Amino acid sequence: MRNRESIQNLISYFKTTQEKEIIFEEEAIFAAYQNNNESHSLIVKIAVVFGGILASIAGSGLLLLMGLYELEQGLILVGFLAIGVSVALSKSYDKLFIDTLSACCFIVGLVYIYLGLDHYNLDITTICSIFIVICLALMMFAQSYMLTFSSVIVINGSVIAVLLGYHNLSYLFDLYIALLCVAITALFLNEAKIITLHKNLSKIYNPVRIGLLLSFICVLVLLTRTGFISIRYDYIWAPSIIIICATIYLVCKLCNTLQIYQNKDKIIICLVTAIVLAPTISCPGIAGAVLIILLSFFVNYKTGFGAGILSFIYFLSQFYYALSFSLLTKSAFLFSSGLLFVAIYLFINKKLASK
């Protein structure tokens, strides 16, 4: 649906396929589609976010110069006031700039709360737990696109901060990656059920999806940056196995979408998928990027598909340069992998052509 005429044609189609008369609020549908189309312009959002952050930094600097930093209670109070302002803005105005500005106020409010709590020498677990509670409450109450997206990112960052803040919990980082993989897979595959379950869930589904997707990519990036953070790499194979299993399961579902119904063909495709991904068990990022690409393709999610392609290029380059092989061996590895993917492409096209 690219324009008003496409929407009208779709409405006419639904009317003609039903025996009973169906009444559509066409103007409301047009307005909702237009608002949805404008609110998801990623480039515009990024530009507005940076502008809002710069304005927030300027205002914060002024307050700090006035001596607010010395008052613990004042910092916490201003932080909660900023969050309250962000909620009020998101509830009062349904515009891209206001929505993004409210997210900036929310982030600044969390920074103030952190600075205030830091004066009381609270541990990182307590502070992150407070942030998680605030974000969950905000997601349930505000239901704004940018506020929900920011809340998901903050929750993910808080969990990572707790896991990496204590060396004895670093092994749980692998478990967290596996849980994110399962959550994202379930979210994508049950999209229709979730958005039709309750209207509030349909409002926050898109920002939660992109937030979890970016969070998943971020944790995979952290895992590939050896030495950048303190992580135990003894069980790095665990999230890789979960991601590969999720990818194989998704490939089975995609076989039905591609009209490949023979069990023999499905088994061959799944085996080939496992063989291709098996060498990357020490680099979960590659399998994770492949999973994101397939999930986005399955639900026709262009933003996720683009993010998956970019992350796949990044993780593949990291894996390529990390291999302790000669340049000739690496080239042969890439060449053979390319031939294998071409063979998979020709196999799928042949099956589709025979239907």
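Computed from a predicted model, the values in this text were never measured in an experiment.
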A.B. asks: Could you go through Ile292 and Phe312, starting from their C-alpha distance and side-chain angles, then the distance that decides it, and tell me whether this counts as side chain to side chain contact (heavy atoms under 4.5 Å, CB included)?
C.D. replies: CA-CA 9 Å; Ile292 292 172; Phe312 178 76; over 6 Å; no
A.B. asks: Which distance, rounded to the nearest 0.5 Å, do you find between the CG of Leu213 and the OG of Ser215?
C.D. replies: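 Nearest 0.5 Å value for the CG-OG distance: 8.5 Å.
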A.B. asks: Would you sort out whether Tyr301 and Leu295 count as a side chain to side chain contact (heavy atoms under 4.5 Å, CB included), showing the intermediate values?
C.D. replies: CA-CA 8 Å; Tyr301 183 42; Leu295 283 172; over 6 Å; no
A.B. asks: Heavy-atom count check: over 12 atoms from other residues, nucleotides or ligands less than 6.0 Å from Tyr205 OH?
C.D. replies: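 Enclosed.
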A.B. asks: Output, in order, the C-alpha distance, side-chain angles, deciding distance and verdict of side chain to side chain contact (heavy atoms under 4.5 Å, CB included) for Leu294 and Val290.
C.D. replies: CA-CA 6 Å; Leu294 293 178; Val290 172; 4.0 Å; yes
A.B. asks: Test: side chain to side chain donor-acceptor pair (under 3.5 Å). Region: residues 80-89. Which pairs qualify, not counting sequence neighbours?
C.D. replies: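 Passing the test, one end in residues 80-89: no pairs.
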A.B. asks: Please report, to 0.1 Å, the donor-acceptor pairs under 3.5 Å made by any side chain of residues 238-252, with sequence neighbours excluded.
C.D. replies:
from, atom 1, to, atom 2, distance (Å)
Ser240, OG, Ile236, O, 3.3
Ser240, OG, Ile281, O, 2.6
Thr247, OG1, Ile243, O, 2.8

A.B. asks: In Å and rounded to the nearest 0.5 Å, what is the OG1 to CD1 distance from Thr148 to Ile210?
C.D. replies: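 So the gap between those two atoms works out to 13.5 Å.
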A.B. asks: Report yes if some heavy atom in the side chain of Leu180 is under 4.5 Å from a heavy atom in the side chain of Tyr176; otherwise report no.
C.D. replies: yes
A.B. asks: I would like to know whether Ile107 and Val154 meet side chain to side chain contact (heavy atoms under 4.5 Å, CB included); could you show each step before the answer?
C.D. replies: CA-CA 9 Å; Ile107 298 299; Val154 172; 4.2 Å; yes
A.B. asks: With a sphere of 6.0 Å drawn around CZ of Phe297, does it hold more than 12 non-hydrogen atoms of other residues, nucleotides or ligands?
C.D. replies: no
A.B. asks: Is there side-chain contact between Thr126 and Leu117, with at least one heavy-atom pair below 4.5 Å?
C.D. replies: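 A side-chain contact is absent here, since even the closest heavy-atom pair is not under 4.5 Å.
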A.B. asks: Could you state whether Val182 and Leu175 fall into the same hydrophobic cluster, counting links through intermediate Ile, Leu, Val, Met, Phe, Trp or Tyr residues with side-chain heavy atoms under 4.5 angstrom apart?
C.D. replies: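 Result: no, two separate clusters.
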